[in-house]
Amino acid sequence: MIFGMVLCSAGFGVNLYYCLTNGIKHAADPVYPIMQYVLMFLVTVLLFILLLSILLFSSYTIDGKIFKTKFGFITSKYDTDKIQNVTLDRKTNKLTVAFENGEFIVIVVKQEWYENFIDALLQANPKIEYNVISLENDGTDKK
(Lines give C-alpha, C1' and ligand atoms only; values in the text may rest on other atoms or scores of the structure.)
Protein backbone atom coordinates (compact mmCIF):
# COMPACT_ATOMS: atom_id res chain seq x y z
CA MET A 1 0.00 0.00 0.00
CA ILE A 2 2.74 2.41 0.96
CA PHE A 3 4.73 1.57 -2.18
CA GLY A 4 1.63 2.24 -4.28
CA MET A 5 1.10 5.56 -2.53
CA VAL A 6 4.74 6.50 -3.22
CA LEU A 7 4.24 5.62 -6.90
CA CYS A 8 1.09 7.77 -7.01
CA SER A 9 2.96 10.68 -5.48
CA ALA A 10 5.82 10.23 -7.96
CA GLY A 11 3.38 10.07 -10.87
CA PHE A 12 1.66 13.21 -9.65
CA GLY A 13 5.03 14.97 -9.33
CA VAL A 14 6.24 13.90 -12.78
CA ASN A 15 2.94 14.97 -14.33
CA LEU A 16 3.13 18.32 -12.54
CA TYR A 17 6.73 18.82 -13.73
CA TYR A 18 5.78 18.13 -17.37
CA CYS A 19 2.71 20.29 -17.05
CA LEU A 20 4.76 23.23 -15.76
CA THR A 21 7.76 22.83 -18.10
CA ASN A 22 6.03 21.85 -21.35
CA GLY A 23 2.55 23.18 -20.78
CA ILE A 24 0.34 23.28 -23.83
CA LYS A 25 2.21 25.89 -25.84
CA HIS A 26 4.11 23.35 -28.00
CA ALA A 27 1.04 21.34 -28.93
CA ALA A 28 -0.69 21.84 -32.26
CA ASP A 29 -4.02 21.13 -30.61
CA PRO A 30 -4.13 22.18 -26.91
CA VAL A 31 -7.10 19.93 -26.07
CA TYR A 32 -5.09 16.69 -25.94
CA PRO A 33 -2.37 17.86 -23.53
CA ILE A 34 -5.01 19.37 -21.24
CA MET A 35 -6.95 16.10 -21.23
CA GLN A 36 -3.74 14.15 -20.62
CA TYR A 37 -2.64 16.29 -17.66
CA VAL A 38 -6.10 16.37 -16.07
CA LEU A 39 -6.54 12.62 -16.48
CA MET A 40 -3.12 11.87 -14.97
CA PHE A 41 -3.82 14.18 -12.02
CA LEU A 42 -7.20 12.52 -11.43
CA VAL A 43 -5.85 8.97 -11.70
CA THR A 44 -2.94 9.55 -9.33
CA VAL A 45 -5.05 11.42 -6.75
CA LEU A 46 -7.93 8.90 -6.82
CA LEU A 47 -5.57 5.92 -6.59
CA PHE A 48 -3.70 7.58 -3.71
CA ILE A 49 -6.99 8.18 -1.86
CA LEU A 50 -8.12 4.59 -2.47
CA LEU A 51 -4.84 3.12 -1.19
CA LEU A 52 -4.83 5.45 1.83
CA SER A 53 -8.40 4.51 2.70
CA ILE A 54 -7.56 0.79 2.45
CA LEU A 55 -4.52 1.31 4.67
CA LEU A 56 -6.38 3.32 7.32
CA PHE A 57 -9.94 1.99 7.25
CA SER A 58 -9.70 -1.78 6.79
CA SER A 59 -11.60 -3.89 9.31
CA TYR A 60 -13.44 -7.12 9.97
CA THR A 61 -16.57 -7.08 12.13
CA ILE A 62 -19.19 -9.59 13.18
CA ASP A 63 -22.68 -8.21 13.81
CA GLY A 64 -25.02 -10.96 14.87
CA LYS A 65 -25.19 -13.36 11.94
CA ILE A 66 -23.39 -11.06 9.50
CA PHE A 67 -19.62 -11.08 8.96
CA LYS A 68 -18.44 -7.82 7.35
CA THR A 69 -15.13 -7.03 5.69
CA LYS A 70 -14.22 -3.45 4.89
CA PHE A 71 -11.24 -2.37 2.80
CA GLY A 72 -11.48 1.39 2.52
CA PHE A 73 -14.54 2.08 0.38
CA ILE A 74 -15.04 -1.60 -0.50
CA THR A 75 -17.42 -3.41 1.85
CA SER A 76 -18.50 -7.07 1.70
CA LYS A 77 -21.05 -8.92 3.84
CA TYR A 78 -21.20 -12.66 4.48
CA ASP A 79 -23.74 -14.79 6.30
CA THR A 80 -22.05 -16.61 9.21
CA ASP A 81 -24.43 -19.55 8.74
CA LYS A 82 -22.77 -20.23 5.39
CA ILE A 83 -19.26 -20.44 6.85
CA GLN A 84 -18.09 -24.04 6.81
CA ASN A 85 -14.70 -23.78 8.50
CA VAL A 86 -11.96 -21.44 9.60
CA THR A 87 -8.31 -22.47 9.36
CA LEU A 88 -5.47 -20.75 11.17
CA ASP A 89 -2.16 -21.34 9.40
CA ARG A 90 0.60 -20.71 11.94
CA LYS A 91 3.25 -20.78 9.17
CA THR A 92 1.77 -17.78 7.35
CA ASN A 93 -0.19 -16.26 10.28
CA LYS A 94 -3.35 -16.06 8.16
CA LEU A 95 -6.92 -17.14 8.77
CA THR A 96 -8.80 -18.76 5.91
CA VAL A 97 -12.59 -18.62 6.08
CA ALA A 98 -14.19 -21.23 3.81
CA PHE A 99 -17.84 -21.12 2.81
CA GLU A 100 -20.28 -23.91 1.89
CA ASN A 101 -20.18 -23.04 -1.83
CA GLY A 102 -16.40 -23.58 -2.00
CA GLU A 103 -15.43 -19.92 -1.91
CA PHE A 104 -12.99 -18.66 0.70
CA ILE A 105 -11.42 -15.45 1.95
CA VAL A 106 -8.07 -14.95 3.65
CA ILE A 107 -7.92 -12.71 6.70
CA VAL A 108 -4.81 -11.14 8.16
CA VAL A 109 -5.10 -9.68 11.66
CA LYS A 110 -2.75 -9.27 14.58
CA GLN A 111 -1.91 -12.54 16.32
CA GLU A 112 -3.36 -11.18 19.56
CA TRP A 113 -6.77 -10.87 17.86
CA TYR A 114 -7.01 -14.45 16.52
CA GLU A 115 -8.77 -15.93 19.53
CA ASN A 116 -11.22 -13.02 19.90
CA PHE A 117 -12.05 -13.18 16.21
CA ILE A 118 -12.57 -16.95 16.26
CA ASP A 119 -14.65 -16.73 19.45
CA ALA A 120 -16.90 -14.09 17.87
CA LEU A 121 -17.36 -16.27 14.77
CA LEU A 122 -18.13 -19.35 16.85
CA GLN A 123 -20.65 -17.39 18.93
CA ALA A 124 -22.39 -16.30 15.74
CA ASN A 125 -22.36 -19.87 14.37
CA PRO A 126 -21.28 -22.71 16.69
CA LYS A 127 -21.30 -25.18 13.76
CA ILE A 128 -18.16 -23.65 12.24
CA GLU A 129 -15.21 -26.06 12.26
CA TYR A 130 -11.98 -24.45 13.51
CA ASN A 131 -8.66 -25.90 12.30
CA VAL A 132 -5.09 -24.99 13.17
CA ILE A 133 -2.13 -25.81 10.95
CA SER A 134 0.73 -25.80 13.42
CA LEU A 135 4.41 -25.12 12.85
CA GLU A 136 5.51 -28.51 14.20
CA ASN A 137 3.59 -30.78 11.86
CA ASP A 138 2.09 -30.69 8.39
CA GLY A 139 -1.26 -32.04 9.53
CA THR A 140 -4.26 -30.10 10.67
CA ASP A 141 -5.26 -29.97 14.31
CA LYS A 142 -9.02 -29.58 14.80
CA LYS A 143 -10.78 -27.82 17.63
Side-chain angles (χ1 to χ4, degrees), residues 1-24 27 29-143:
M1 295 297 165
I2 294 173
F3 180 70
M5 290 169 44
V6 169
L7 284 178
C8 288
S9 299
F12 185 90
V14 167
N15 191 46
L16 182 62
Y17 173 76
Y18 282 118
C19 183
L20 294 176
T21 57
N22 296 338
I24 56 170
D29 187 7
V31 173
Y32 295 113
I34 291 172
M35 287 177 29
Q36 176 186 358
Y37 294 138
V38 169
L39 183 63
M40 285 302 296
F41 283 130
L42 283 174
V43 166
T44 55
V45 168
L46 291 176
L47 190 57
F48 184 88
I49 291 171
L50 177 67
L51 292 173
L52 183 65
S53 70
I54 289 173
L55 186 65
L56 296 178
F57 302 111
S58 294
S59 65
Y60 304 100
T61 57
I62 301 166
D63 293 332
K65 293 286 186 180
I66 302 295
F67 168 51
K68 296 178 187 178
T69 61
K70 185 173 182 181
F71 300 104
F73 303 115
I74 304 164
T75 303
S76 300
K77 295 180 181 179
Y78 305 97
D79 187 4
T80 57
D81 290 335
K82 296 186 180 188
I83 297 175
Q84 188 174 22
N85 66 31
V86 177
T87 303
L88 170 60
D89 189 347
R90 296 265 185 212
K91 295 176 186 175
T92 60
N93 287 324
K94 295 179 182 175
L95 289 166
T96 304
V97 178
F99 297 93
E100 292 173 347
N101 59 3
E103 294 179 3
F104 67 93
I105 58 173
V106 178
I107 298 173
V108 180
V109 294
K110 290 183 181 180
Q111 286 181 326
E112 300 87 38
W113 297 351
Y114 286 154
E115 293 303 320
N116 292 338
F117 182 78
I118 297 300
D119 289 342
L121 269 179
L122 291 175
Q123 285 178 357
N125 182 3
K127 295 178 183 178
I128 296 173
E129 184 179 317
Y130 176 47
N131 303 315
V132 177
I133 299 175
S134 63
L135 294 171
E136 290 80 29
N137 61 14
D138 293 332
T140 301
D141 302 328
K142 295 183 179 182
K143 288 189 177 181

Which pairs pass salt bridge (Lys or Arg N to Asp or Glu O under 4.0 Å) with one or both residues in residues 92-107, sequence neighbours excluded? none
Taking the side chain from S58 and the backbone from L55, do they hold a donor-acceptor pair closer than 3.5 Å? no
Would you find more than 12 non-hydrogen atoms of other residues, nucleotides or ligands less than 6.0 Å from I2 atom CD1? no
With a 4.5 Å cut-off on side-chain heavy atoms, are T96 and N131 touching? no
Working to the nearest 0.5 Å, report the span between CD of E112 and OH of Y114. 9.5 Å
Considering non-hydrogen atoms only, spot the tightest contact between D81 and A124 and give its length. OD1-O, 4.4 Å
Please identify each residue that fulfils ring pair (Phe, Tyr, Trp, His ring centres under 6.0 Å) with Y18, with sequence neighbours left out. none
According to ring pair (Phe, Tyr, Trp, His ring centres under 6.0 Å), does anything in residues 63-90 pair up with another residue at least two apart or in another chain? List the pairs. Y60-F71, F67-Y78, F67-F117, Y78-F99
Neighbour count >12 (heavy atoms, 6.0 Å) for atom NZ, K65: yes
Value for CG (L121) from CD1 (I107), rounded to nearest 0.5 Å, stands at 7.0 Å
Euclidean distance, D119 CG relative to Y130 OH, rounded to 0.5 Å: 8.5 Å
Quick one: pull up OG1 in T80 and CG in D63 and give me the separation to the nearest 0.5 Å. 10.5 Å
Is there a side-chain contact between N15 and T44, using heavy atoms and a 4.5 Å cut-off? no
Might you point out which heavy atoms bring L122 and I128 nearest each other, and give the distance in Å? CD2-O, 3.4 Å
Using every non-hydrogen atom in the two residues, find where A98 and F104 come nearest and quote the distance to one decimal. CA-CB, 4.0 Å
I would like to know whether K82 and N101 meet side-chain contact (heavy atoms from CB on, under 4.5 Å); could you show each step before the answer? CA-CA 8 Å; K82 296 186 180 188; N101 59 3; over 6 Å; no
For the atom pair CZ (F48) and CE (M1), what is the distance rounded to the nearest 0.5 Å? 13.0 Å
Nearest 0.5 angstrom please: I133 CD1 to D89 CG, how far? 4.5 Å
